[in-house]
Amino acid sequence: MAMNLSATEHRAPQEIAEIIAGRLRLRSEVLERIEVAPPGYINLTVKRELWFRVLAEIEAQGEQYGRSTLGRGQRVLLEFVSANPTGPLHMGHGRGAAVGGALANLLRSAGYNVSTEYYINDAGRQVHLMAASVTAVQNPTSAPEDGYKGAYIVDLAKQLQEKQQAGVLRTGLTNSEVAEWASSQLLNDIKTDLQAFNLRFDRWFSEQKELFNSGAVTQALDWLRQHGYLFEQDGALWFRSTTFGDDKDRVVRKQDGEYTYLASDIAYHRDKLARGYDLLINIWGADHHGYIPRMQAVVEAFGYPKDRLKVILVQIVNLLRGGRRVTMSKRAGELITLREVIEEVGADAAKFIFLTRRADSQLDFDLELAKQKSAENPVYYVQYAHARVASLFRVAAERRVPVQRTSEVDWSVLSSPDDLELIKPLAEYPALIESSAQALEPHRLTYYLQDLAARLHAYYYKHRILPPALEQELDNQDNLKASAHEADQERKRETLTPALTAARLCLFRNVQAVIQNGLGILGVSAPERM
RNA sequence: GCGCCCGUAGCUCAGUUGGAUAGAGCGUCGGGCUUCGAACCCGCAGGUCGCAGGUUCAAGUCCUGCCGGGCGCACCA
């Protein structure tokens, strides 16, 4: 601050810093020390007992700790996954799902009013291609050139045939009818998979029903035409997106009379905007990034600022097994599905690993590593910290060690620097939630939790929490004699009083609460035992 | 060719909107369980933050240009 002021005040920053520091000293009931360091930093040391108030706050607020009013209740629509109902979810969708779920929770924690939505792309070429592929199983010569392959297509064909033989479905369905039936089957599978991933959506939005059947597409295009943003050329209908900064104008209806996907997306985003959200967030695969300017052009055309729409790009996932690349060929239908991954490594590990990188950077996902219950697997590291505290309290109960409320604890006994190392991150937690939410970056929380868990593990190793059981007390003195270890030495010197036990238990309980809170936002469970 | 993203320790990556001595994990090497959970801890080594300029009291962070990598540039989704 002093350095910023020096430009306008025309005085040396250190001089300004001294003045500010002097003023602060006058009312320093919360400050222990105020020092000025070159070139103009003001270092404030808050009184030690102030840190312990954080613990009381965590206990008082419980699950509400970390919540803020940053978002002021602004309504946010978060659309994610939105995979076409033409096949099962794969790893890329899983990453989008993990990021979206965590982001929704994060924004809610930061005081936003979030709705989640899945856009079902159940109209157009892809579902019809899928349907034709299903039909072609009976009659291979009719197989479409770029058709879908894979076991699930054969399964669908078999199911269809059975239904027809049983008279549930009539024979001689049109391709559109097959498409409708098959895509709804696949959508059910997708819903099941997302449930297995502990994700739910507030709304499932059907392109076919809610945009085409309802007439929303033609209405949206009419609106654009009336405002002069559409024109015809070469037999096609174009959206004049260059008016709003896009590189080129875009076709919304092709020469053959078919609408492009952009037509649906125009109608869809018009619908979203009309629903009155303050912010629209879409999570897309990174290969769609070229699509952003044109969608923001759409938003502007409808009279909204273009940053009303924010897009989070999620990069691809490289699937590995023991360091070796697992090849994924969509063409041959051999891609590893999200379901298979959840079954193999579990939803918690999958989610956490998806959230260990910024969304916009490529991610290596090693199945063997994700399964390992070891230090190499960050999920277990964090969960273990939580379980460890739970275990501690179980033992405390067994040994009838009294557990005090935060308000009853004598904090003066926590005189080691290690105590503050553990408390400081707890104090920073609310600010972390806010900044992560604002940046739309849930991975920051993942890193925070790993750091907090590390501090807890280190503290746990270094300091004894509970008095030993009675039968162990006698030889307690002799145990550590040979250890040259610094931490062991320190632990040996410490005398564990009941007040110290109570304070440390309380400290741990509050660390545990924050870990639980953070894991909850990530959508990962916080187990009592592992 | 144009546009977007990226380049930080041997590897994989963080770096809180421009602040002090750039941090983790893995890997290497060495050490630590007779206690409350070793699914853990401690230590050593490892850096010209791709390169070169610029803005600033201050740049990993902002600007420009190169080099290197990824992705887009459809009347496909």
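Note that the coordinates shown come from a computational prediction; the quantities given were computed from them, not determined experimentally. Numbers restart at 1 for each chain; the letters A, B, ... are given by sequence-line order, proteins then strands.
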Run the numbers on Lys272(A) and Glu79(A) for salt bridge (Lys or Arg N to Asp or Glu O under 4.0 Å), then give the verdict. CA-CA 10 Å; Lys272(A) 286 184 182 177; Glu79(A) 183 219 318; 2.7 Å; yes
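Between C13(B) and G1(B), the distance separating the two C1' atoms is 33 Å to the nearest Å. Going from the C1' atom of A24(B) to that of A14(B) covers 7 Å, rounded to whole Å. When the P atom is compared between C73(B) and C26(B), the two are found 40 Å apart, to the nearest whole Å.
Of the nucleotides present, G10(B) is the one that pairs with C26(B) by Watson-Crick or G-U wobble criteria, both distances under 3.5 Å. Searching all strands for a Watson-Crick or G-U wobble partner of G18(B) with both distances below 3.5 Å returns nothing. Nucleotide C71(B) is matched to G3(B) when pairs are restricted to Watson-Crick or G-U wobble geometry with both distances under 3.5 angstrom. Pairing partner, U34(B): none, since no Watson-Crick or wobble contact has both distances short of 3.5 Å. As the counterpart of G47(B), no nucleotide is assigned, since no Watson-Crick or G-U wobble pattern has both distances under 3.5 Å. With both pairing distances under 3.5 Å, U56(B) is matched to nothing as a Watson-Crick or G-U wobble pair.
Taking atom CZ on Arg253(A) and atom P on C75(B), their separation rounds to 15 Å, with Å as the unit. Put simply, NE2 on His128(A) is 12 Å from P on A77(B), counting in whole angstrom units. Between the CZ atom of Arg504(A) and the C1' atom of C36(B) there is a distance of 12 Å, given to the nearest Å. Taking atom CG on Leu449(A) and atom P on C13(B), their separation rounds to 21 Å, with Å as the unit. Asn84(A) places its CG atom 15 Å from the P atom of C76(B), with the value rounded to the nearest Å. Atom-to-atom, CZ of Arg464(A) to P of C33(B) comes out at 16 Å; the value is rounded to the nearest Å. When the C1' atom of A24(B) is taken as reference, atom CZ of Arg444(A) falls 16 Å away, rounded to whole Å.
When heavy atoms are screened at a 4.0 angstrom cut-off, Tyr384(A) is found touching base atoms of the nucleic acid. Within the 4.0 angstrom heavy-atom criterion, only backbone atoms of the sugar-phosphate kind lie near Gln126(A); the bases stay farther away. Among the atoms of the strands shown, only primed sugar atoms or phosphate atoms (P, OP1, OP2) are found under 4.0 Å from some heavy atom of Asn121(A).
Taking syn as a glycosidic angle within 90° of 0, U17(B) qualifies as syn. Classified by its glycosidic torsion, C66(B) falls in the anti category, the angle being over 90° from 0.
Aromatic pair Tyr459(A)/Phe508(A): centroids less than 6.0 angstrom apart.
The backbone N or O of Val401(A) sits nowhere less than 3.5 Å from a side-chain atom of Arg399(A) that would complete a donor-acceptor pair.
Considering CZ of Arg294(A) and CD1 of Ile292(A), their distance stands at 10.5 Å, rounded to 0.5 Å.
In this model, the phosphate group of A14(B) is not approached by any side-chain N or O of Arg357(A) to a distance below 4.0 Å at OP1 or OP2.
The side chain to side chain donor-acceptor pair (under 3.5 Å) pairs that include a residue from residues 429-444 of chain A are Ser68(A)-Glu434(A), Tyr429(A)-Asn517(A), Glu441(A)-Arg444(A), where partners are two or more places apart or lie in different chains.
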